[in-house]
Amino acid sequence: MALPLFSDNMDYHEHSFAPPRMKRIAMACRPAFRLLPILLLAAPGPDGLATAAHAGETAPAPAISPNSSLFAPPVPPVVSTGPLTFAPLVRQVGPAVVNIAVAQDSHAATGGRQPLPPSVKGTPFEHKFRERMRAHGEEMLGAGSGFLIDPSGVIVTNAHVVGGADLITVSLADGTEFPAHLVGSDDLTDIAVIQIHAPHPMPFVPWGDSRLVNIGDWIMAAGNPFGLGSSVTAGIVSARGRDIGTSPFDDFFQIDAPINPGNSGGPSFNLGGQVVAVNTAIVSPTGGSVGIGFGLPSEIVAPIVEELRHNGHIDRGWLGVTLTDGTGHDGVQIVGIDRNGPAMKAHLHIGDVITAVNDEPIDTSRMLIRSIAAKRPQSTVVLHIRRRHEALSLPACVGHRPDEDVDD
């Protein structure tokens with residue numbers, strides 16, 4: 001059946017950093033392919049309802065550098081013979097994968113009017129949704145996925161799964177339900193941390209180091225597709241480092257394990273039962289899975305989660321410049337400078353070519369944006385630049401990245 005698309009999803013990409021190629025993909029409703037944040041497609045809940053969650057605007061650079069201590073040591077695969085079956089792996093990790101239901105005040109969201117979401121229209125869920133609207137017009141429900149990373153009940157999911165929710169309910173694999181509260185979220189990475197309080201320690205899964213994942217490796221995705229309940233699918237890692245046009249920080253795994261609306265925020269596991277990616281988006285001509293999905297690697301997600309757990313938000317660095325890439329690997333050129341921004345205060349000029357930040361060589365504008373974003377606001381960096389034929393080193397005090405989209 002055709003999987004629907006929320007208008008919110010189009011806004012999400014329309015205001016992103018999408019290059020022309022990916023912007024056309026995101027905006028062509030028919031018949032071209034669509035790049036879809038998974039829950040933004042509004043997976044119907046278990047009772048057939050759906051909601052348009054408010055997506056973050058981009059996806060991210062970690063605010064802190066990946067720390068190897070965040071990752072569990074590599075372990076022998078749970079499945080090592082083909083595999084003939086994923087059952088041992090499912091038994092090991094399944095209890096830590098959760099379903100997430102969200103509720104919104106539909107009158108607050110729509111001014112008292114609750115239209116039929118495009119994700120439901122024309123599907124078998126439409127009748128159930130209309131019935132639910134008549135009976136419970138005050139709420140609009142949706143579903144997503146997540147996973148426990150700590151026995152105290154800390155859960156990782158996508159920010160667009162829980163964004164704007166008035167009520168978050170977490171269901172475990174055994175059907176037990178708990179209310180959850182938001183610990184922190186980061187729209188640029190589309191990562192959120194929520195917490196439940198249970199009377200006993202929770203099952204949990206460790207982070208695996210996504211830097212050890214190779215193209216062609218087996219991967220197993222788990223989650224709550226279409227709000228149907230816990231499901232698993234398997235496939236391989238098709239590509240690494242995918243730029244899907246959602247932000248200058250894109251660095252996704254492409255996986256062919258089927259993922260669908262409702263899988264948002266769910267984990268992808270290596271064969272050792274470690275989380276190496278968080279399922280985030282799909283490309284599809286119909287809205288359903290065609291074997292092209294994207295997961296944000298753990299090397300990006302794990303540091304973000306740690307900072308959200310401790311601070312509830314992410315602070316990123318900002319330089320206040322507009323950049324263009326050169327024709328070779330010889331730095332990036334400044335084509336615009338924000339008035340009274342960090343770059344202007346550091347006496348950078350339009351036309352300067354930045355070749356390195358501290359001792360880190362810079363080849364592309366994406367590299368520079370990531371490097372500066374990873375720095376703490378108010379910290380000082382040394383920018384190595386080329387001005388005409390002169391090499392200079394200028395200290396710059398990193399600013400605080402504004403909430404709105406900026407080049408750097």
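Keep in mind that this is a model prediction, so the values were computed, not measured.
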### Message
So Cys397 and Lys345, do their side chains get closer than 4.5 Å, heavy atoms only?
### Response
no

### Task
Determine, for Arg316 against Asp186, whether the closest basic-nitrogen to carboxylate-oxygen distance falls under 4.0 angstrom.
yes

### Working for side chain to side chain contact (heavy atoms under 4.5 Å, CB included), residues Leu394 and Val382
CA-CA 6 Å; Leu394 301 178; Val382 177; over 6 Å; no

### Query
About how many Å separate CG of Asp325 and CZ of Arg366, when rounded to the nearest 0.5 Å?
9.0 Å

### Summary
When every non-hydrogen atom of Lys375 is compared with those of Ser379, the smallest separation belongs to CB-OG, 3.9 Å

### Message
If I compare all heavy atoms of Asp187 with all of Ala159, which pair ends up nearest, and what's the gap?
### Response
OD1-CB, 4.1 Å

### Query
Taking the side chain as C-beta and beyond, is there a heavy-atom pair between His400 and Asp315 under 4.5 Å?
yes

### Gap between atom CD1 of Ile155 and atom CD1 of Ile100 - 0.5 Å precision
6.0 Å

### Contacts of Asp352 that satisfy side-chain contact (heavy atoms from CB on, under 4.5 Å) - sequence neighbours left out
Ile334, Leu348, His349, Ile385, Arg387

### Query
For His384 and Thr355, what are the C-alpha separation, side-chain angles and deciding distance, and is it a side chain to side chain donor-acceptor pair (under 3.5 Å)?
CA-CA 6 Å; His384 301 280; Thr355 59; over 6 Å; no

### Query
For Ile255, does its backbone N or O pair with a side-chain atom of Ser238 as donor and acceptor, under 3.5 Å?
no

## Note on the structure
Between Asp359 and Pro361, the two heavy atoms sitting closest are O-CD, 3.3 Å

#### Entry: Side chain to side chain, Asp251 and Arg242, heavy atoms closer than 4.5 Å
no

### Task
Answer yes or no: is there a side-chain heavy-atom contact under 4.5 Å between Val205 and Leu148?
no

### Flag side-chain contact, heavy atom, 4.5 Å: Val170 against Thr176
no

### Message
Walk me through whether Ser268 and Met220 qualify under side chain to side chain contact (heavy atoms under 4.5 Å, CB included).
### Response
CA-CA 5 Å; Ser268 280; Met220 188 183 80; over 6 Å; no

### Ring geometry between His181 and His197 (parallel below 30°, tilted from 30 to 60°, perpendicular above 60°)
parallel

### Task
Would you check if the side chain of Asp256 reaches a backbone N or O of Ile236 as a donor-acceptor pair within less than 3.5 Å?
yes

### Task
Salt-bridge test for Arg309 and Asp150: reply yes if a basic N is under 4.0 Å from a carboxylate O, no otherwise.
yes

### Task
Would you confirm whether Thr364, through its side chain, and Met367, through its main-chain N or O, come within 3.5 Å as a donor-acceptor pair?
yes

### Task
May I ask you to check whether over 12 heavy atoms, not counting those of Asp174, lie within 6.0 Å of atom CG?
yes

### Query
By side-chain contact (heavy atoms from CB on, under 4.5 Å), which residues pair with Thr324, not counting sequence neighbours?
Gln333, Val335

### Query
Tell me, do Pro267 and Val97 make a side-chain contact under 4.5 Å, heavy atoms counted?
yes

### Task
Without swapping roles, check the side chain of Ser210 against the backbone of Glu299 for a donor-acceptor pair under 3.5 Å.
yes

### Message
For Gln274, is there any backbone N or O sitting under 3.5 Å from a side-chain donor or acceptor partner on Asn270?
### Response
yes

### Task
Start with the C-alpha distance between Thr280 and Asp190, add both sets of side-chain angles, then the distance that settles side chain to side chain donor-acceptor pair (under 3.5 Å), and finish with yes or no.
CA-CA 8 Å; Thr280 302; Asp190 199 12; 5.4 Å; no

#### Entry: Nearest-0.5 Å distance, CD1 of residue Ile196 to CZ of residue Phe178
5.5 Å

### Query
Within the distance-only criterion (no hydrogens, no angle test), does the side chain of Gln195 pair as donor or acceptor with the backbone N or O of Ser152 below 3.5 angstrom?
yes

### Message
Assess, by modelled atom type and distance only, whether the side chains of Asn263 and Ser145 contain a donor and an acceptor separated by less than 3.5 Å.
### Response
no

### Query
What is the distance from atom CG of Leu319 to atom CD1 of Ile354, rounded to the nearest 0.5 Å?
5.5 Å

### Message
What verdict does the ring-ring contact (aromatic ring centres under 6.0 Å, His included) test give for Trp207 and Phe147, after you've listed the backbone C-alpha separation in whole Å, the side-chain angles of each residue and the deciding distance to 0.1 Å?
### Response
CA-CA 11 Å; Trp207 294 111; Phe147 54 99; 5.6 Å; yes

### Worked check of side chain to side chain contact (heavy atoms under 4.5 Å, CB included) between Phe204 and Val154
CA-CA 9 Å; Phe204 68 97; Val154 177; over 6 Å; no

### Query
Once you round to the nearest 0.5 Å, how far does CZ of Phe269 lie from CG of Leu89?
7.0 Å

## Note on the structure
Looking only at heavy atoms, the pair that brings Ala222 and Val232 closest together is CB-CG1, 4.0 Å

### Message
Tell me whether His313 contacts the main-chain N or O of Ser185 through its side chain, where contact means a donor paired with an acceptor under 3.5 Å.
### Response
no

## Note on the structure
In short, Pro74 meets Leu212 closest at the heavy-atom pair CG-CD1, 3.9 Å

### Query
What distance do Ile292 atom CD1 and Ile244 atom CD1 have between them, rounded to the nearest 0.5 Å?
11.5 Å

### Query
Does Val332 reach the side chain of Val353, with side-chain heavy atoms less than 4.5 Å apart?
no

### Query
At their closest point, which heavy atom of Pro225 faces which heavy atom of Asn260, and how far apart are they?
CB-CB, 4.2 Å

#### Entry: Under 3.5 Å: donor-acceptor pair, side chain of Asp217, backbone of Val237
no

### Task
For side chain to side chain donor-acceptor pair (under 3.5 Å), just list the numbers for Thr169 and Glu177, CA-CA rounded to whole Å, side-chain angles, deciding distance to a tenth of an Å, and then say yes or no.
CA-CA 7 Å; Thr169 302; Glu177 293 187 352; 5.6 Å; no

### Task
Flag the pair Leu296 / Phe252 as yes when at least one side-chain heavy-atom distance between them is below 4.5 Å, and no otherwise.
yes

### Task
Decide yes or no on side chain to side chain contact (heavy atoms under 4.5 Å, CB included) for Val357 and Ile372, but give the supporting numbers first.
CA-CA 8 Å; Val357 176; Ile372 296 298; 4.3 Å; yes

